[in-house]
2 protein chains.
Amino acid sequence: MRAGTAVLTVDAAGMRAQNSGLLLNMIWRERQISRAEIARRTELSPSTVSAIVADLEQAGLVRSIGAGVSRGGRRPTLIGFCDEAFSLVGVELGASHVTVVLTDLRGRVRTQSKASHAVRGDPEGSLQKAKELVQECLDAERVPRRSVVGMGVAVPSPVHPASPGKMSPLILPAWKNVDVKEWFETTFDMPVFVDNDANLGALSECFWGAGSAGEDLTYIKLATGIGAGLIIHGDVYRGAGGTAGEIGHIPVDSNGPLCVCGLRGCLVTLIGSTALTERARELMGTRGRKGPTVRDLVEGARAGDAAAKQIIDGMGAYLGIAVGGLLNLLNPAIIVLGGEISSVGEMLLDPLRASVRQRALSVSMAETRIVTSTLGERAIAVGAATLVLQAALRDRTLFPTQNVGRTA
Amino acid sequence: MRAGTAVLTVDAAGMRAQNSGLLLNMIWRERQISRAEIARRTELSPSTVSAIVADLEQAGLVRSIGAGVSRGGRRPTLIGFCDEAFSLVGVELGASHVTVVLTDLRGRVRTQSKASHAVRGDPEGSLQKAKELVQECLDAERVPRRSVVGMGVAVPSPVHPASPGKMSPLILPAWKNVDVKEWFETTFDMPVFVDNDANLGALSECFWGAGSAGEDLTYIKLATGIGAGLIIHGDVYRGAGGTAGEIGHIPVDSNGPLCVCGLRGCLVTLIGSTALTERARELMGTRGRKGPTVRDLVEGARAGDAAAKQIIDGMGAYLGIAVGGLLNLLNPAIIVLGGEISSVGEMLLDPLRASVRQRALSVSMAETRIVTSTLGERAIAVGAATLVLQAALRDRTLFPTQNVGRTA
DNA sequence: GCGAGTTCGTTCGATTGACGAAGAAATACC
DNA sequence: GGTATTTCTTCGTCAATCGAACGAACTCGC
């Protein structure tokens with residue numbers, strides 16, 4: 001019974017906000033573009049474009065960066081985005097570690113700090129640790145508060161769209177009385193955005209990785225947990241209750257082991273990090289007293305270890321069951337595999353593609369590329385920072401005024 | 001590498017278009033609402049609201065419908081939508097039939113006509129048949145061309161977002177040289193919108209059926225083919241290549257029969273109409289010389305026939321595998337089952353829910369309602385008409401000017 | 001029954017932002 | 001070196017929204 005999107009109404013000021021947001025996005029995307037070119041593409045009048053660009057320049061968001069090539073007349077003055085005018089903070093609360101990055105407006109990491117920590121059962125300690133690390137990053141670069149746009153936080157739990165600071169009581173029961181968003185907001189006095197880790201990995205790939213091409217992307221996080229992040233029409237899709245992309249508990253083997261969720265043969269029990277390392281211990285033997293790690297598995301596979309390859313083959317086969325369903329159901333333009341194990345690249349992609357081919361329509365397959373991430377282990381923390389960037393590029397009032405940061 | 005939605009720029013006229021679109025939507029949704037109430041909700045000034053309402057009244061889209069109850073002062077004049085000011089045409093090209101409906105702007109069917117036809121292999125004949133039926137509907141109600149907003153067409157094939165008139169060469173090879181959109185546009189000289197049948201079933205449910213509540217809905221069409229339609233943020237989601245929702249070829253039984261698509265144990269080979277009637281023939285015996293139909297199965301189940309119930313139980317179990325994955329992956333607010341067989345209601349829902357419970361996270365299940373459609377067999381044709389309505393409510397210039405239709 | 005206070009809707013001048021035409025500056029082409 | 005072209009700015013015009021003020025219609029309390 002609903003019809004159009006509930007867009008907000010517009011008055012004169014809203015009109016300016018909308019147009020200037022559009023220009024800001026275009027300048028950010030194009031990296032350098034002249035006023036004339038903007039006017040042609042947006043179909044805004046040259047005078048309006050000039051006025052808006054002047055606004056944005058005033059705010060320290062864009063600047064002139066010299067002349068472009070002539071098209072048969074006066075040379076255009078190129079406008080560029082001030083990538084380093086502001087900073088973004090990205091926090092990743094992982095299963096067993098906390099990572100913090102400080103990035104510029106182009107996703108480049110200025111500082112990072114990381115600490116091992118058992119996040120799952122210790123909300124207070126984790127948050128305290130995160131606070132220290134953030135402070136460390138801010139101090140390291142002597143970044144004034146004024147130049148920080150906001151903070152993104154990746155959490156290892158689905159978040160409900162209606163209460164983005166609350167963790168799922170089923171996944172992180174110890175966190176039931178904590179509101180992450182609120183806590184960071186009061187601690188650091190800046191805008192805070194919270195989302196699920198896989199969703200932010202997806203956002204990261206969409207902005208900085210393999211997703212440059214389109215606006216429909218699926219990211220699959222292969223780690224302790226298995227989760228997918230969906231980018232639909234350029235935005236993170238969370239589903240009605242925030243649990244979209246929770247593919248870790250899709251049953252893929254009816255004879256598989258019992259999972260904590262109560263079901264049998266869940267994807268995570270077969271290809272989660274724990275399952276992989278256990279299987280590695282069986283096939284590759286113990287390495288030292290603690291047994292092989294995922295890293296050992298990756299290195300083994302690269303070195304040509306038959307057991308490691310066998311494990312990854314099996315992983316691809318199981319994963320293909322879920323990916324096949326995903327392809328048929330969502331038909332994304334690209335699927336990106338992330339997480340440490342994905343660094344084996346083709347060794348995982350080959351068996352995965354073979355498995356998918358047995359399960360997906362050839363039409364869907366033809367339209368979808370399946371690749372591994374090239375962003376490295378900071379992808380999710382950077383994705384958290386990107387959430388802030390995405391919001392600010394849409395609503396430029398999120399950028400602090402009176403910029404005192406560097407404007408290079 | 002993309003950031004914000006590619007919204008169009010706004011000038012003064014665009015501002016008016018946006019605001020008046022918003023008002024039109026609100027009036028349509030609320031059915032009756034006063035200017036003062038609109039102003040409060042939209043935060044537009046009372047004078048602006050009056051001006052826009054006058055515009056819409058001029059265009060014959062809304063009208064005064066008497067006074068409302070006082071809130072302690074002068075009684076408000078309620079504005080209502082002119083549901084019958086214009087007509088919409090909806091065409092369904094099914095696997096074996098062509099259905100045409102003529103509806104008003106509230107989805108009520110004014111006339112309908114239907115004919116059996118082997119659509120699959122005969123594009124020319126099918127289109128000719130559709131043309132006749134459309135003409136029949138228009139003549140029956142003496143609807144002047146002027147008052148028809150446009151035509152929606154449901155096709156039994158995925159359509160690529162880039163070329164919405166072209167059928168998939170793999171699903172409907174005989175249609176490879178036909179552009180359905182173009183054909184109807186030149187034949188009837190009105191705006192034409194084409195989409196996949198399951199997608200339009202979903203739209204129908206979203207507007208007129210069980211989806212009233214939210215904006216995330218999944219519709220599953222259970223017929224000769226099995227397909228899902230996804231409504232995401234209030235819009236049909238087609239995926240990167242237009243094949244989103246093609247769940248019919250998800251393998252659910254590795255020992256199942258070979259499917260035309262080359263895979264084994266596809267959902268459609270197990271619960272498609274053909275599979276159901278064949279199984280019915282085995283268990284229930286032949287009825288007459290042609291064997292039992294889906295209708296016989298429904299009636300049998302209702303009458304308490306054990307074999308029919310057994311078939312539907314099995315169907316629910318298989319379907320649950322796909323629905324479980326869908327729940328974990330997309331987490332829609334509601335899943336609606338459509339198609340003739342869905343009319344058995346709880347008899348199908350019970351085994352389905354049981355099957356899903358073994359495959360989906362309880363969190364996802366808790367947030368999602370699973371129901372059967374109540375819209376009947378015209379749902380998809382009406383959904384096609386609704387596609388036109390949805391477009392016109394967003395862009396009121398699609399409504400013809402000089403309305404000569406009835407304004408009741 | 002009557003006046004005070006509210007609410008609804010309209011009118012009108014002010015404000016704001018985009019547009020268009022005209023002009024100045026800078027460059028390519030002949 | 002002159003002409004045409006392109007870029008960007010300036011300035012007057014126009015359109016849409018807003019806010020304040022007003023008249024109309026109604027409720028409530030006395």
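Below, chains carry the letters A, B, ... as their sequence lines are ordered, and counting in each starts from 1. Just so you know, these numbers use all the heavy atoms, side chains as well, and skip hydrogens, waters and symmetry mates.
Comment: B:Arg394 engages B:Asp235 in a salt bridge, judged by a side-chain N to carboxylate O separation of less than 4.0 angstrom. In this structure, B:Glu30 pairs ionically with B:Arg41, as a charged nitrogen and a carboxylate oxygen lie closer than 4.0 Å. In this structure, B:Arg16 pairs ionically with B:Asp55, as a charged nitrogen and a carboxylate oxygen lie closer than 4.0 Å. With respect to the salt-bridge test (charged N to carboxylate O, under 4.0 angstrom), the residues A:Arg145 and A:Asp189 do not qualify.
If A:Gly72 and A:Val49 are placed on DNA chain D by their nearest nucleotide, the residue sitting closer to the 5' end is A:Gly72. Mapping A:Ala12 and B:Arg71 onto DNA chain D by nearest heavy atom places A:Ala12 at the nucleotide closer to the 5' end.
The interatomic distance linking A:Glu37 (CD) with D:dT6 (P) rounds to 13 Å, in whole Å. Put simply, CG on B:Leu22 is 12 Å from P on D:dT17, counting in whole angstrom units. At whole-Å resolution of the value, CZ in A:Arg40 and P in D:dC8 are 9 Å apart. Rounded to a whole Å, the CG atom of B:Leu44 is 15 Å from the C1' atom of C:dG9. The interatomic distance linking B:Leu23 (CG) with D:dA16 (C1') rounds to 14 Å, in whole Å. Residue B:Met15 contributes atom CE, which lies 12 Å from atom C1' of D:dC14 at whole-angstrom precision.
Applying the 4.0 Å criterion to OP1 and OP2 of C:dT27, one finds that A:Arg75 has a side-chain N or O inside that range. Phosphate contact (OP1/OP2 of D:dC18, side-chain N/O of B:Ser45, threshold under 4.0 Å): present. At the phosphate of D:dT6, neither OP1 nor OP2 sits under 4.0 Å from any side-chain N or O atom of A:Ser70. Residue A:Asn19 places none of its side-chain N or O atoms closer than 4.0 Å to OP1 or OP2 of C:dG17. Phosphate proximity of C:dG9 to B:Thr77: present, with a side-chain N or O under 4.0 Å from OP1 or OP2. Taking 4.0 angstrom as the limit, B:Arg16 places a side-chain polar atom (N or O) nearer than this to OP1 or OP2 of D:dT17.
Side-chain proximity of A:Ser47 to the nucleotides C:dC19, D:dT7, C:dT10 is greatest for C:dC19. Side-chain atoms of A:Ser50 lie closest to D:dT9 of the nucleotides D:dT9, C:dT10, D:dA25. Of the candidate nucleotides C:dA18, D:dT7, D:dT9, C:dA18 has the atom lying nearest to any side-chain atom of A:Thr48. Of the candidate nucleotides D:dT6, D:dG23, D:dC18, D:dC18 has the atom nearest to the side chain of A:Asp11. The side chain of B:Pro76 lies closest to C:dC8, out of C:dC8, D:dT7, D:dT17.
Cation-pi check for B:Arg106 over B:Trp28 is met; the charged atom lies under 6.0 angstrom from the ring centroid and within 45 degrees of its normal.
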